[in-house]
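The next block holds one structure in the form of structure tokens; read it before the comments.
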Amino acid sequence: MPLPKLPSKPATILATQDYPTAGAARPATKTPAAKKVAAPIIEAAIAEVAKPVRNAATKIKQVAALMVAKPVPAPAPVAAAPAAAPKAKPAAKAKAEVPSAKVTPIKSVKQEQPHPAKHKAVEVQLKSSVSRAADQRGLSKLFVLDTNVLMHDPSSLFRFEEHDVYLPMMTLEELDNHKKGMTEVARNARQVSRTLDALISNTDDDAIEHGIPLSKLGNKDAKGRLFFQTRLQSADLPAGLPVGKADNQILAVVRSLESEQEGRPVVLVSKDINMRIKARALGLPAEDYFNDHVLEDTDLLYSGIVQLPDDFWNKHGKDMESWQESKNGYSSTFYRVTGPFVPSMLVNQFIYLEPKNGEAPFYGQVKQINGKTAVLQTLRDFSHTKNNVWGVTARNREQNFALNLLMNPECDFVTLLGQAGTGKTLLALAAGLAQVLETKLYNEIIVTRVTVPVGEDIGFLPGTEEEKMSPWMGAFDDNLEVLNKSDSDGGEWGRAATQDLIRSRIKIKSLNFMRGRTFVNKFLIIDEAQNLTPKQVKTLVTRAGPGTKILCLGNIAQIDTPYLTEGSSGLTYVVDRFKGWSHSGHVTLARGERSRLADHASEVL
């Protein structure tokens with residue numbers, strides 16, 4: 001079934017409590033004749049579900065297959081069918097027939113459109129059924145860790161609270177194979193090895209057999225024990241699986257532990273999707289390592305913008321105070337309001353109210369919050385030509401909010417999120433050039449990004465650090481051309497001189513050489529930040545010295561780094577952790593402004 005198309009109109013950014021919740025699906029309208037035909041099938045479905053089956057997922061598949069299958073004279077073949085294999089064809093047939101059988105009324109199409117930020121048909125369960133059952137019964141679980149979990153998060157050993165952790169011998173072998181090199185994976189493998197060495201030191205063989213306390217190194221949250229595979233554990237896996245493959249040996253260990261420790265939940269934790277699929281196919285509980293997930297649903301990610309209710313001023317206008325202040329060469333109006341909507345706001349969050357009765361809209365920013373009292377500040381209108389930033393004006397509401405953050409010297413950390421063509425890079429470069437060359441607030445612009453290729457890698461690149469990084473900076477070169485074309489008074493010679501001056505103030509750096517550096521009075525732009533891990537983002541943001549402003553730009557729908565998802569991306573991490581800080585701000589750009597061709601392509605392709 002194809003994915004739903006994005007709406008042609010710009011998306012409205014809603015508050016967290018206004019996001020649509022998934023409701024129960026409405027049954028299709030049936031005629032009396034169809035009810036008579038479907039009655040024996042429903043009775044057969046109820047009788048079949050009443051029998052003991054393997055798990056709840058199999059029950060749902062059986063009922064769905066019977067409900068949408070064609071009427072048969074007797075349900076005997078369904079009752080005699082095995083639990084899994086013969087059910088696959090009816091289930092697949094049912095999926096194919098559902099879209100054509102269900103008729104959706106025209107009036108409900110608009111209501112059932114998903115939120116444009118993400119298309120989710122069903123709620124995703126992160127935990128396996130065994131883990132959920134153990135949580136309900138309050139049982140301690142035994143987590144078998146795959147190698148990629150340790151190499152993704154070296155501190156993952158201490159993230160399982162009161163549960164125990166088991167490391168197969170093949171996991172240690174793979175760690176040893178990946179410890180050499182200068183990559184992030186090799187560094188993580190060496191860190192895990194050092195942690196295991198510290199845990200296992202000063203312990204005898206009996207302690208290793210009965211488990212080493214994970215709180216030994218001072219991690220009070222880790223109340224479980226660490227177990228190593230101390231003997232050969234054999235288990236029968238299906239014939240045809242290669243015995244020498246590391247993944248299959250770990251699966252054999254999980255199956256052996258299940259048979260040895262009956263009654264105790266044993267769960268495999270892996271970042272490898274195929275490994276989890278293979279485990280589920282063999283009937284073994286497996287789940288992703290989601291401790292590093294900031295949010296389970298990225299629809300709930302902080303957008304930095306909230307729409308005020310229509311009756312906001314009626315409920316919050318009593319005893320309201322207002323005054324004017326002039327700061328940074330611009331005079332703005334402040335309002336102190338009190339009411340029930342204030343506790344849901346955050347500092348530096350943008351608010352707007354666009355009345356439908358033709359009154360003037362209100363755009364503001366929350367500056368202070370104290371209980372149910374908040375101080376709101378009006379914004380500078382960067383959509384007007386007189387307030388242009390290096391010849392660039394805001395084309396929509398979100399771009400105006402972003403420029404207010406970028407041009408505010410009190411805001412040290414800015415994150416811009418949005419799809420391709422929303423203007424993230426152009427706004428950041430324009431704000432940087434205006435504050436480096438015009439107001440002299442910063443010394444120079446430093447641009448960096450993650451060098452993750454989309455297609456095949458082109459190999460080693462010759463030259464200096466900047467020459468090696470120049471192929472990755474094509475987006476900045478394109479935006480610089482746009483910004484340089486706006487200056488037409490000086491002619492060709494004047495444009496060339498301006499371009500040389502701009503080039504001298506922009507430095508392109510690689511992420512590989514950022515550790516240990518300190519940037520003073522710099523305008524640092526981190527592009528494609530969605531490909532960074534939380535640890536890499538921490539390394540970059542802590543490079544900031546006095547007077548430095550850091551910008552993180554990215555689109556969490558375009559992640560190219562392995563084992564990173566929208567919920568565990570470093571960009572999602574900093575957006576969630578920095579919200580509400582008085583010297584940071586975030587804006588999610590919702591409308592593309594690249595060209596009519598690009599906008600139409602994003603809608604129809």
Side-chain angles (χ1 to χ4, degrees), residues 6-7 9-20 115-118 294-295 297-310 312-313 316 332 335 337 339 341-356 360-369 374-383 393-408 410-411 413-419 421-424 427-428 431 529 551-557 566 571-572 574-593:
L6 289 172
K9 295 183 178 180
T12 303
I13 300 179
L14 305 177
T16 302
Q17 61 269 20
D18 294 334
Y19 276 95
H115 193 272
K118 193 172 183 181
V294 181
L295 296 172
D297 188 356
T298 51
D299 283 348
L300 303 179
L301 182 63
Y302 174 63
S303 66
I305 305 170
V306 63
Q307 183 177 5
L308 298 178
D310 294 336
F312 177 80
W313 294 114
H316 299 74
S332 56
Y335 299 94
V337 297
F341 193 77
V342 172
S344 63
M345 299 179 179
L346 290 171
V347 177
N348 275 354
Q349 188 177 34
F350 290 99
I351 55 176
Y352 71 94
L353 178 60
E354 296 175 344
K356 299 177 182 178
F362 172 77
Y363 302 104
Q365 188 178 17
V366 182
K367 303 305 291 184
Q368 293 179 10
I369 291 181
V375 176
L376 311 180
Q377 179 186 3
T378 57
L379 300 179
R380 189 174 182 180
D381 185 16
F382 285 99
S383 61
T393 56
R395 293 189 178 183
N396 54 52
R397 180 179 60 232
E398 288 79 19
Q399 286 189 358
N400 188 31
F401 294 161
L403 284 174
N404 273 275
L405 285 178
L406 295 172
M407 299 301 293
N408 183 6
E410 299 295 327
C411 193
F413 185 74
V414 179
T415 51
L416 297 182
L417 209 69
Q419 296 181 353
T422 50
K424 304 183 297 294
L427 296 178
L551 277 65
C552 285
L553 320 176
N555 177 16
I556 58 174
E566 296 180 1
L571 183 57
T572 309
V574 293
V575 168
D576 187 71
R577 294 301 175 93
F578 273 90
K579 65 181 180 183
W581 188 45
S582 57
H583 297 287
S584 70
H586 168 71
V587 172
T588 300
L589 302 172
R591 188 185 307 173
E593 299 288 353

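Computed from a predicted model, the values in this text were never measured in an experiment.
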Inset, instruction - Go through the steps to decide whether Thr393 and Ser383 satisfy the test side-chain contact (heavy atoms from CB on, under 4.5 Å), and finish with yes or no. - result: CA-CA 5 Å; Thr393 56; Ser383 61; 5.6 Å; no
Legend entry - Where Ala374 and Val342 come nearest, the two heavy atoms and their spacing: CB-CG1, 3.6 Å
Legend entry - Flag for His586-Thr588: side-chain donor and acceptor within less than 3.5 Å: yes
Legend entry - Flag side-chain contact, heavy atom, 4.5 Å: Met407 against Arg380: no
Legend entry - Separation of Met345 CE from Gln365 CD (nearest 0.5 Å): 12.0 Å
Legend entry - Side-chain touch Ile556/Leu301, heavy atoms, less than 4.5 angstrom: yes
Inset, instruction - Identify the two heavy atoms, one from Ala590 and one from Thr422, that lie closest to each other, and give their separation to 0.1 Å. - result: C-CG2, 4.5 Å
Legend entry - Spatial distance of atom OG1 (Thr572) from atom OH (Tyr302) [nearest 0.5 Å]: 15.0 Å
Legend entry - ring-ring contact (aromatic ring centres under 6.0 Å, His included) between Phe413 and Trp581, intermediate numbers included: CA-CA 10 Å; Phe413 185 74; Trp581 188 45; 8.0 Å; no
Inset, instruction - Verify the neighbour count for atom CD of Glu354: are there more than 12 heavy atoms of other residues, nucleotides or ligands below 6.0 Å? - result: yes
Legend entry - Set of residues satisfying side chain to side chain donor-acceptor pair (under 3.5 Å) with respect to Asn408, sequence neighbours excluded: none
Legend entry - Interatomic spacing from CD1 in Ile369 to CG in Leu376 - rounded to 0.5 Å: 9.0 Å
Legend entry - Heavy-atom closest pair, residues Ala402 and Leu427: CB-CD1, 4.2 Å
Inset, instruction - Drop me the distance from Arg591's CZ to Gln399's CD, to the nearest 0.5 angstrom. - result: 9.0 Å
Inset, instruction - Go through the structure and list residues passing ring pair (Phe, Tyr, Trp, His ring centres under 6.0 Å) with Phe382, not counting sequence neighbours. - result: none
Inset, instruction - Find the distance between CD (Glu398) and CG (Leu403) and round it off to the nearest 0.5 Å. - result: 12.0 Å
Legend entry - Among Val587, Leu589, Ile351, the one residue meeting side-chain contact (heavy atoms from CB on, under 4.5 Å) with Ile305: Val587
Inset, instruction - Please report the shortest heavy-atom distance between Asn348 and Ser582, naming the atom on each side. - result: ND2-O, 3.0 Å
Inset, instruction - Mind telling me whether Phe401 and Tyr352 have parallel, tilted or perpendicular rings, with 30° and 60° as the class edges? - result: tilted
Legend entry - Step-by-step side-chain contact (heavy atoms from CB on, under 4.5 Å) determination, Leu405 to Phe350: CA-CA 10 Å; Leu405 285 178; Phe350 290 99; 3.6 Å; yes
Inset, instruction - For the pair Phe312 and His316, name the ring-plane relationship: parallel under 30°, tilted 30 to 60°, perpendicular over 60°. - result: parallel
Legend entry - Which residues share a side chain to side chain donor-acceptor pair (under 3.5 Å) with Asp310, sequence neighbours left out: none
Inset, instruction - Identify the heavy atoms of Ala360 and Pro355 that sit nearest to each other, and give their distance. - result: O-CD, 3.9 Å
Legend entry - Which atom of Leu346 lies closest to which atom of Lys579, heavy atoms considered: CD1-CD, 4.1 Å
